[in-house]
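Side chains included, hydrogens not; waters and symmetry mates left out as well; all remaining heavy atoms used. Quantities reported herein were computed from a predicted structural model and do not represent experimental measurements.
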Amino acid sequence: MLSYMKNNPRKLNPVTVCFVLAAAVPALVMLLQFALLSCAPFGKNSFCTMDGFSQYYPMLENMSRALHNGELFYSFSGGLGFNLWSQSAYYTNSPLWIFLYILPQSTHIAVVNLTVMLRFCLASLFFCIYLHSHRRITERRIFPYTALSAAYAFCGWAVAFQNQFMWMDCMLLLPLVILGIEKLFDGKSPVLYTVTLFMCIWSCFYIAYMVCIFAAIWALKLTVEEKRSLRESIKKLFRFAVYSVLAAEIAAVSLLPLLHTISQTKASDIGLESARSYGTVLNLIFNMLPFTPKSLEYGAPNVYCTVSALIMAVVSAFNKKIPLRKKLTSAFIWLFLILSFEINALYYVWHGFHFPNQLPGRFSFVYVFFVLVCASAFIEYNTFVPTGEHFHPVRMKQSAAVLFVLVLAGACTNFTARITSNPDSLLKFSQIGAEFKQKADEKNSFSRQELEPLKSNNQGLQYGYHGIGWYSSTMSAAQYDFFQALGMPKYAKNVSTYYEGTEITNALFSVRYSADPETGEVSENKMLLPLAFLADEKILDFDIPAHKSGKQTQKALWFALCGENLNVKDGTDKLNRCGFKIDSFSSDNITGAIGCEKDGVFFTTIPDDGGWQIYIDGEKTEPLRTADLLLCCKISKGQHTVSMKYVPPMFKSGAIISAISLAAAILLILSKKKRKSY
């Protein structure tokens, strides 16, 4: 190919060839892995393992149904109900899922696998584009640049966290974000930086936060390296800050509701006790070597990016052609990143001011990017081929060998990643979910369903029924504490609950149907309450009792609702006399009627997160919270129509900010172009 390019320069552009190879090499490696491990579309296996199995896949299925139904704000598929808009912003906002949302459910396992492959390809391609921006690709640089690009795609971080689907969007966009910053500092268009940073924040604000930290570091690096006046440097940094803020504000319609949601989680209460050293530098060094087991739960950060690249990065520091100022800034950044892995206070800041629960060193992809950029300096100033006019085939063979070693190391490392060997479990209970829905539709009233005992997390999300079990980092502290107080088991601390029904909870939470996941047998509960009903005013004074067992707490809650000590059957009969009869139901808009025998409390089994509004006879009513979680309000004696509407907290404010910021960004960009045209 290279000989053909040399003899026919107009036929094949080396830049195009390099870009094609950068995208194709990861695709070939991944397709080989698919074939060897019988992954869809070559078999049944899936990359949905660990969080991919218990969180992402069910959430993607839930979001697919929500898009088709046009109900994007709220879902009753888990946790008694949750803010779907915020959960989507945390987990499923990536535009790369478009094919999963438009293709039939039977193809979704293959779509997930191929989307993972696409992310590896884009990571390699975008890194290659970044390298090309520094020095134009010639035929002499095709192999080295393709090798570095493949090394970025198959770095230890990407291999270890390939099933943390939302994270990889930020990793693959990082080279374009940094390229956008450099264009911004060169006085060129801010479009690339603004758009790519916005896409990072939109796809995964959490990892985008780490991208923002690194972007600020890179902006300071450019400021120090270039010999500019103080006024010019301040002007450049100000321009960087303006477009950074605009990118975040354009995403405000997604970001503000999400920030409100996560501010209510358990993780928001975890702080830094004191600064100390982890003492993991030696483990960090070992993790730079190939075939080292990946750190999935705990351990040193995943920083592998091939030994060859690491050596080139170190050797480039001794090249006299590289200005001393650049060497010093690079050395400082390298040291700072290593210390960020070692010192818990820096680790704490990088992870959004909390310590991650498993999956260590979540920002290590920026370290890998930096190392590979330093390695590219070796190629730039110490090319694999002579800088003269004559082509040297022996040196090019050496380059090809380097490429082969890098890609092989990446591929072999990738083969050590966990994949599920039981993909049928992702679809196993779909028939039961469909039967749940059919039976619920026949009753023409709201009810919940569950598989008991649970075989995985988020089954309601996955199979499309109104469930209670839920596993999500957006679970509020109030929800978690409520379920724990009722004696429900957990899967992951602070962010999950299983459902184990009792007579009281099945009646209270409207659990009409339950199914045995082993036999598939569906049973119906005859004693259940509607989604809302008239409760005794004692419920307003109810607090979760401390130091009580789950059964004791359930009985105390039941007594407060009934206003007297009644068994489940008698209590259900009493509360059903003043039950809420639903006329129309969607996940974010519920209307119906209730007849109240006396003044009391309109009590619901819907979690209160600040987004629900209640209208009684057309008049807006102040929503209240009881049992530290559940939505309710006061209601008077008589017949009433009740409407409940949900809008995610901060959604309207976010939408206004997004619209204004988008308009401001467009005006700024157009005004700059207009000034240049004169």
Side-chain angles (χ1 to χ4, degrees), residues 74 76 78-83 261 264-266 269 446 448 450 466-470 475-490 494-511 528-566 568 571-572 574-576 578-580 590 594 599-614 621-635 642 644 646 649:
Y74 203 78
F76 282 94
L80 298 178
F82 59 87
N83 183 336
T261 297
Q264 299 182 9
T265 63
K266 281 281 190 181
D269 297 330
F446 177 88
R448 294 186 173 96
E450 267 300 359
H466 296 155
I468 301 174
W470 189 37
M475 173 178 277
S476 70
Q479 277 172 295
Y480 180 81
D481 291 341
F482 177 77
F483 289 121
Q484 289 295 289
L486 294 182
M488 303 297 170
K490 62 180 181 292
N494 299 330
V495 293
S496 73
T497 185
Y498 281 140
Y499 181 69
E500 289 185 353
T502 65
E503 273 194 338
I504 290 177
T505 58
N506 284 341
L508 177 59
F509 298 146
S510 311
V511 181
L528 77 160
L529 295 167
L531 179 63
F533 51 86
L534 180 69
D536 192 276
E537 290 187 347
K538 289 180 180 179
I539 193 62
L540 293 177
D541 299 322
F542 179 81
D543 291 320
I544 298 294
H547 310 299
K548 297 288 185 180
S549 68
K551 289 185 177 180
Q552 290 173 322
T553 301
Q554 291 177 25
K555 289 179 179 179
L557 178 57
W558 188 253
F559 174 78
L561 289 168
C562 297
E564 56 183 315
N565 191 11
L566 297 175
V568 176
T572 302
K574 175 184 177 179
L575 297 174
N576 264 317
C578 299
F580 179 54
I590 306 167
I594 185 172
D599 293 350
V601 176
F602 182 78
F603 175 89
T604 79
T605 52
I606 301 174
D608 172 38
D609 67 353
W612 283 101
Q613 295 295 331
I614 304 176
T621 304
E622 179 186 4
L624 303 174
R625 176 185 289 195
T626 186
D628 299 330
L629 175 68
L630 300 174
L631 178 72
C632 64
C633 70
K634 292 184 177 181
I635 194 168
V642 180
M644 292 183 284
Y646 184 83

Fit a plane to each ring of F82 and W470, take the angle between them on a 0 to 90° scale, and name the class: parallel (under 30°), tilted (30 to 60°) or perpendicular (over 60°).
->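 F82 vs W470 ring planes: parallel.
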
Determine whether more than 12 heavy atoms belonging to other residues, nucleotides or ligands lie under 6.0 Å from atom CD of E622.
->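 No.
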
Crowding at NZ, K538 (>12 non-hydrogen neighbours, <6.0 Å) =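 Correct, the count exceeds 12.
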
Please walk me through it: do F482 and T553 pass side chain to side chain contact (heavy atoms under 4.5 Å, CB included)?
-> CA-CA 10 Å; F482 177 77; T553 301; over 6 Å; no

Does any non-hydrogen side-chain atom of [Y] lie less than 4.5 Å from one of [X]?
X    : Y    : value
V642 : I614 : yes
L575 : F603 : no
K634 : T621 : no
T572 : W558 : yes

So, the side chain of [X] versus the backbone of [Y]: is there a donor-acceptor pair under 3.5 Å, distance only?
X    : Y    : answer
T604 : L631 : yes
K574 : C562 : yes
E500 : P489 : no
S510 : L529 : yes
Q554 : E503 : no
T505 : G501 : no
N576 : L528 : yes
E450 : I468 : yes
T497 : F483 : no

Report the distance from atom CD of Q264 to atom CG of N83, rounding to the nearest 0.5 Å.
-> 9.0 Å

Rounded to the nearest 0.5 Å, how far does CG of L540 lie from SG of C632?
-> 5.5 Å

Between [X] and [Y], what is the shortest heavy-atom contact and its length?
X    : Y    : value
P607 : G81  : CG-O, 3.5 Å
C578 : I594 : O-CD1, 3.4 Å
P530 : G579 : CG-CA, 3.8 Å
M475 : S496 : SD-N, 3.6 Å
R448 : T605 : NH2-O, 2.9 Å
M488 : Q484 : O-NE2, 3.0 Å

Report yes if the distance between the aromatic ring centroids of F602 and F580 is under 6.0 Å, otherwise no.
-> yes

Using side-chain contact (heavy atoms from CB on, under 4.5 Å) as the criterion, point out the one residue from L624, L80, D608, I606 that pairs with L630.
-> L80

Test L557 against every option in T626, L508, I544 by the side-chain contact (heavy atoms from CB on, under 4.5 Å) rule and name the one that passes.
-> L508

Using salt bridge (Lys or Arg N to Asp or Glu O under 4.0 Å) as the criterion, list what pairs up with D599, not counting sequence neighbours.
-> none

Quick one: do F533 and L561 satisfy side chain to side chain contact (heavy atoms under 4.5 Å, CB included)? Show the steps, please.
-> CA-CA 10 Å; F533 51 86; L561 289 168; 4.2 Å; yes

Strictly by modelled atom types, are Y646 and D609 linked by a side-chain donor-acceptor pair under 3.5 Å?
->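 Result is yes, a qualifying pair exists.
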
